[in-house]
Structure formats: C-alpha cells, structure tokens
Amino acid sequence: MTIAQMDGREIHVDQEGFVTEYDDWDPDLADLLATNIGLELTRRHREVLEFLRQDYRQQGETPTLRRVTAVGGFPTRELFRLFPKKPAKKMSYVAGLPKPVGCV
Amino acid sequence: MNERRLVILGGGTAGTMVANRLHRELRDWTVVVVDRDDEHHYQPGYLFVPFGTYEPQDLVRSRRKFLDDAVEVVYAEVDRVDPEASMVHLQGGRELGYDQLIIATGTHPDPGETPGMLGSGWNDTVFDLYTLDGARRLADALESWTGGRLVVQVCEMPIKCPVAALEFAFLADAHLRRTGRRSATELVYVTPLDGAFTKPIASRELGTKLAERDIELEADFMVDVIDEDRRVIVSYDEREVPYDLLVTVPVNRGAAFVGRSGLGDELDHVRVDPATMQSTAAGNIFAIGDAANLPTSKAGSVAHFAVDVFVDNFLDHVAGRRMDREFDGHANCFIETGDGKAMMIDFNYHTQPLSGAYPLPGVGPFRLLEESRINHAGKLAFRWLYWHMLLPGRPLPLASEMSMRGKVPEEVNA
C-alpha cells in the first residue's frame, strides 16, 4: 500500500493506483482519476459511479459488469461507450473502489 | 425421533466428497443427496473427447455407486429452497426438510444467455466444449475439418475450469499439426480478460505459449451477439471476429433454483462467506464447489481443498462451536499444452500462480508454470485418483492450504 499525492491530498492507493480507502474518494477526486485514464466525466458517468459506490457500501465488494447492468440498469453497450475497452476496471478505478475480483 | 437431517443438493464432485466424508462423522444424522439423475460425469475428461483420447463412456459412472451405502439418494429436480422454513421443495410437490443444507449443484454453460448462440449454426459451426454432448459433436466437426478460421472463445468470467478453453486451443494446435491441417488453419483465442489468463505471471507465460504456437490472441473481447449467418462474433464495443468453426464457452450459471430461493448472485451462484462457505442469507445453508460464488477458480481441485476445510468447520458448526478454519481459495490445475506435455499452476485468493515445484519443494515431481511430460502424466493419472481416492473421500497427500514452499517468489520471477 502506498500513498499518492492527488488534488493536494494524500490518497491511499495500491500498486496499480486503485484507491484503497473508501473515504478518500469524492467527486473531485473522480475527475482527477478519470483524467489519469483519458476520460472526461459526464453526468451519465457520474450516475454509474454513484451506483458503484452505493452498491459497494451495501455488498462489501465491487460490482461486476453484469451486476452494474442487471441491478444498476446501465446497458453493457453503454458502459463500453462510457469506459472504453475495459469498463469493469475503469469504472472501479474512477469510483475509488478495488478492482473487481478477477475470477480465475 | 431426535435424528437430524443433512440434505446435500447435487451429487457431483463436491457433493459426493462431502456426503461421504460427513456421513462417517455424523453417525446419528441422516444424510440425503438429491440429484436429477444417476450420471456422474468426470468433467475434466470432456477436453479430450474432441481429439478421440477419451470416448464418452470412459467419463460417466453411476452417482449412487460412488456414494456410501448409508447415504440416501433422492432423484428429483429442486424447485426451490425455503430458508425460513428450512425446507427444500422438489419438483412434483415433494418436500424435504433439513437441519443443515449444503448446495453443491455446480455451474453450467447457458448458451441461451448470448444472443444468437442458439441460432442456425449451433452444433453445426458453433460448439460448446463443456458438455459431453458438445464435446462429442465437436469431435465429429474436427474430424471433417479441412481448414479455415478456428476460433476458441470465452464469453464471460467466471467459468468452470477456466484453463480448459486455453488447453483446447493448445491441443487443437498439436492435433492439427499431427494430422497435416495446421497450415490451413488460423487459430484464434478470444477472451474477455486482458490477456491469456487472469493473473500477471501466468498470463504472461501462457501468452508466450500462444504466440509460440502462432495462436492469435484477441483480448478484452466481451461478446454481445453471435451472428451465425455471417459467421462473426461481435463485441459490445463493436469489434468483429470472423470464424469458420467456433468453439465457445457460454456464460456459466449456477442452478436456477438458487436464484428462485433468493440465495444467489446475478449468475445464480450462492453468495457465501469466502472463508467458511456459509450462505450470507442463512446460517444453516452452505455452498461448496462450483455452486458457490468464491473468488477463486471453479474447479474440482478447489472443491477438494475446500472440502477439507469445510468438513472440520461444519462439524464445529453442528456441535455449536465457532468455525475457526478459513479456506484460502487454494486451487491447482494441470494445463495441457499439446504433444504429451502439460503445465501446472498452484495458487489461492492472495497468491498468483508462480513458478517452482509441486508438491515437494525442489523435487516436484510436477513443475509449476513449465511444460513437462510428467505434468501431462499427472493429468491423465488424475482420472483414476478422482474415482478411487477423491470421491470416496480418502486422504490425498496434498495440503488443503496453499504453501509457498517450492515456489519462486514474484520479485525473483517478474
């Protein structure tokens, strides 16, 4: 676990840069994280992030792409448009949550 | 009557092991196994059917025969579980009350989940590798194959035996070379993962094996639809991969009753505590093997290691004591790479597959993340062990917890 300086604050992150402390995150940090991976957040992005944050708080784990579609109601195709190529990974990164468990 | 009843749903790998182990320990309990039929399949064998190594009859035995005589068997489909009433409702109206329930109904390919998969090309140019029927039909298709684009494709994780699709690609490469059809074949491996496998070191090693064999890797490909008329698979981000023969691993789902009973996740895998495998919804329900939503491989080896931990915990649990053992997600598997060789990987929730020797440090005989003939011999010998040691619940000399002994640590390896 390391500490990164972002937005003039100290943020706890893992080796890959995923935020490890739920409460380190706020919407401003999301903008910064999004910029890191070449995204500019729209209102729709924020709706997705809000679902992820809320679901994580209730379930204790980052929702899978399937769950974001099935429970959150965001069509998979749209998620691929909003977070190109790797939506599951990118969404969780910007939402300040652990990477979804890579089921092996 | 003070006899207590343990009901186990599913008489496959995990259900059979757990029934045989627990009925020996729980002398004053009735142990009942429910399954829809009496066919126990050796599922790791499906992989070899398309290449004629095994015939279907080599892989199927009676479930009853591998369950101890004292275990009661009920042949029925489960309609749903009522956790509040501790009652299993079977289709046809029969009810089965329980004191403790273990769900071991596995996971299965659901080709209906992907639009277009069950279209005009199903079982003609599109085949499923993870059912005996699919593997058998694929054997015929490979027999008459003259060349073109052979695409091996995984729809979505998790799937059971996650390395089998890769193994199929390796074996197909060797088989087609042997039979003089490799140069006429373009082999492509399509995966929703960002590489050949989930974890970095294994992904790199296996990615190298694909490249060495001239098997094209199409990563980050999440299938949206299969267009069987145009013979292309289309991803959610609108990439297309054409095929002449598609070997697909459909979305895997747990048993539908799990969802109907409110015990599952979006894919009907039972939500459990990853350390104890106790349902998060009810204290007297557990799930073991592929049926559970553990964040590790869905594989027989995992079920085997999990059962060791589970049995100790369960005995504590029914005696009213705290469950103090924790399953670490230990998994190991042989990965066939063709030409009579195989690799092996050994890992758990926290440690990715590393190189080294298994089970004895420095000695092996199995080599981790390296190809060898002895690994392949181990894979084939495992079928005997499965029927004669694993299912009856006889101890194998392998620790249930993963060990770092014999492994080369990441920093040295990376």
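Letters A, B, ... are given to chains in the order of the sequence lines, protein chains preceding strands, and every chain is numbered from 1.
Here the closest heavy-atom approach between residue A:F80 and residue B:M222 is recorded as CZ-CB, 3.4 Å.
The line from CD of A:E78 to OH of B:Y236 is 13.0 Å long, rounded to the nearest 0.5 Å. Summarising the geometry, atom CG belonging to B:D194 is positioned 4.0 Å from atom NZ belonging to A:K86; distances are rounded to the nearest 0.5 Å.
Looking at A:R66 and B:E266, no side-chain N of the basic residue comes within less than 4.0 Å of a carboxylate O on the acidic one, giving no salt bridge. A salt bridge links A:R77 with B:D224: the distance from a Lys NZ or Arg NE/NH1/NH2 to an Asp or Glu carboxylate oxygen falls below 4.0 Å.
Proximity to chain B (any heavy atom under 4.5 Å) is restricted, for A:T64, to the side chain, taken from C-beta onward. With a 4.5 Å cut-off on non-hydrogen atoms, A:L79 does not touch chain B at all. Only the side chain of A:Q59 comes within less than 4.5 Å of a heavy atom in chain B; its backbone stays farther off. At a 4.5 Å heavy-atom cutoff, the contact between B:V251 and chain A is made by side-chain atoms alone.
The environment of B:E240 atom CD is dense: over 12 non-hydrogen atoms of other residues, nucleotides or ligands sit within 6.0 angstrom.
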